[in-house]
Amino acid sequence: MRTATRALMKFAPLPDYQAADWIRRGRVAEVGTVDSLVPRVFEKYLVIPHPIWAQARASVRWSDVAARAGLDLADVPRPSRRVAELPSEVTKRLPIETSEVRLSGPDPGHLPTGVIVPLIEVLGGGDLQTSTVFATWDGWGARTPAMSAGAHVSIGSRGWYLLQAPLAMAAVGFVDGPVNQGLGPGMWWPVDRSWIVISDVDLEASYVGCSTTAADELLASDIECFLVAPDATVWG
């Protein structure tokens with residue numbers, strides 16, 4: 001994917017307060033499950049665990065950690081706590097080119113650029129100009145005036161500002177600097193609502209609702225993701 005720049009592509013305020021009503025209507029649970037975040041209108045649901053980090057921000061796959069530590073990811077309600085407890089004999093056997101491995105993360109609230117780029121390639125079907133709605137959490141302290149120019153809506157316990165831009169902007173973020181420094185989109189979906197990505201600010205994983213075809217493509221990609229039931233407990 002070509003690097004998107006703010007000089008070429010900009011977020012536009014979305015004044016339509018009803019653009020996110022379908023999310024509010026589609027959430028069928030109060031809190032704690034996938035369908036309390038993702039509208040229950042999709043064929044498939046996936047969780048994308050946010051990466052674990054080693055030195056120099058080298059990412060580590062959860063499946064590698066689980067295999068070497070004997071963890072069942074489905075039974076780890078707060079994965080980062082278990083990562084911090086991993087003994088050195090486990091971390092030394094991870095596939096990282098360093099003599100000493102100290103793990104940190106995952107970062108709550110947003111996906112890093114290295115995950116977003118292949119994710120939008122799959123979800124966009126190769127069309128990175130797809131018109132997409134982006135919702136940014138109103139609690140970000142570094143929020144710029146442009147980020148607050150769209151309609152403000154309340155969904156669940158959080159408030160969101162709505163913006164619109166080509167899908168490629170998901171990998172750019174809302175402020176100067178990489179997305180993995182925060183202020184990436186918290187929720188984003190195409191105008192046809194064929195899929196949605198949600199990264200709750202408190203969670204260590206993001207969730208995708210999509211078609212069976214898109215889910216199969218994501219599972220076959222290099223993105224570390226897993227199918228989940230809509231009533232499954234959320235990570236983190």
Side-chain angles (χ1 to χ4, degrees), residues 14 16-51 62-63 66 72-82 106-111 115-116 119-120 122-124 130 132-139 151-163 167 170 184-221 223-236:
L14 182 62
D16 183 4
Y17 288 86
Q18 298 180 336
D21 280 353
W22 71 284
I23 299 175
R24 189 184 299 108
R25 293 193 305 267
R27 289 179 170 182
V28 300
E30 291 295 326
V31 67
T33 58
V34 175
D35 54 12
S36 70
L37 296 173
V38 184
R40 199 161 183 171
V41 297
F42 295 101
E43 294 177 337
K44 297 292 182 180
Y45 300 82
L46 300 95
V47 57
I48 304 177
H50 297 172
W62 278 101
S63 54
D72 183 345
L73 295 181
D75 295 331
V76 184
R78 191 73 176 181
S80 62
R81 296 178 183 174
R82 294 297 298 273
D107 298 328
H110 55 84
L111 285 166
V115 177
I116 291 180
L119 179 60
I120 63 178
V122 173
L123 293 178
T130 297
T132 304
V133 179
F134 294 89
T136 174
W137 179 45
D138 65 5
H152 183 268
V153 298
S154 295
I155 301 177
S157 61
R158 305 198 192 282
W160 305 86
Y161 290 103
L162 301 183
L163 305 169
L167 174 58
M187 299 188 292
W188 36 294
W189 64 93
V191 292
D192 67 3
R193 305 176 187 174
S194 56
W195 50 262
I196 191 170
V197 179
I198 293 183
S199 302
D200 186 85
V201 296
D202 288 332
L203 297 184
E204 298 168 346
S206 295
Y207 290 86
V208 178
C210 60
S211 67
T212 298
T213 299
D216 290 343
E217 292 180 10
L218 288 173
L219 292 168
S221 73
I223 301 170
E224 185 170 40
C225 57
F226 311 95
L227 286 173
V228 290
D231 59 354
T233 301
V234 296
W235 269 44

Q: Go through the steps for E43 and S211 under the test side-chain contact (heavy atoms from CB on, under 4.5 Å), then give the verdict.
A: CA-CA 5 Å; E43 294 177 337; S211 67; 3.7 Å; yes
Q: State plainly whether the residues D216 and K44 are in salt-bridge range, i.e. N to O under 4.0 Å.
A: no
Q: Taking it one step at a time, do M187 and V197 satisfy side-chain contact (heavy atoms from CB on, under 4.5 Å)?
A: CA-CA 6 Å; M187 299 188 292; V197 179; over 6 Å; no
Q: Drop me the distance from D200's CG to L37's CG, to the nearest 0.5 angstrom.
A: 5.5 Å
Q: Please find the pair of heavy atoms, one from P49 and one from F226, that lie closest to each other, and give the distance.
A: CG-CE1, 3.7 Å
Q: Considering only heavy atoms from C-beta outward, does the side chain of L167 approach that of P190 to under 4.5 Å?
A: no
Q: Nearest heavy-atom pair of I155 and A20: which atoms, and what distance?
A: CD1-CB, 3.7 Å
Q: Going from CD1 on I196 to CD1 on I23, what distance comes out if it is rounded to the nearest 0.5 angstrom?
A: 3.5 Å
Q: Look at the rings of W189 and W22 and say which category their plane angle falls in: under 30° parallel, 30 to 60° tilted, over 60° perpendicular.
A: perpendicular
Q: Output the distance between atom OG (S154) and atom CH2 (W160), rounded to the nearest 0.5 Å.
A: 11.0 Å
Q: What pair of heavy atoms forms the shortest contact from T233 to Y207, and how long is it?
A: O-OH, 4.4 Å
Q: What's the shortest heavy-atom distance between S199 and S206, and which atoms?
A: OG-OG, 2.5 Å
Q: Quick one: does L123's side chain get under 4.5 Å of L218's, heavy atoms only?
A: yes
Q: Between atom CD of Q18 and atom CG of L162, what is the distance when rounded to the nearest 0.5 Å?
A: 11.5 Å
Q: Quick one, V201 and R158 - any side-chain contact, counting heavy atoms below 4.5 Å?
A: yes
Q: Can you name the nearest heavy-atom pair linking V153 to Y17, along with the distance?
A: CG1-O, 3.5 Å
Q: How long is the gap from CG on L227 to CG on L219, to the nearest 0.5 Å?
A: 4.5 Å
Q: OG1 of T132 to CD1 of I120: how many Å apart, nearest 0.5 Å?
A: 8.5 Å
Q: For G109 and H50, which heavy atoms make the closest approach, and how far apart are they?
A: N-CE1, 3.8 Å
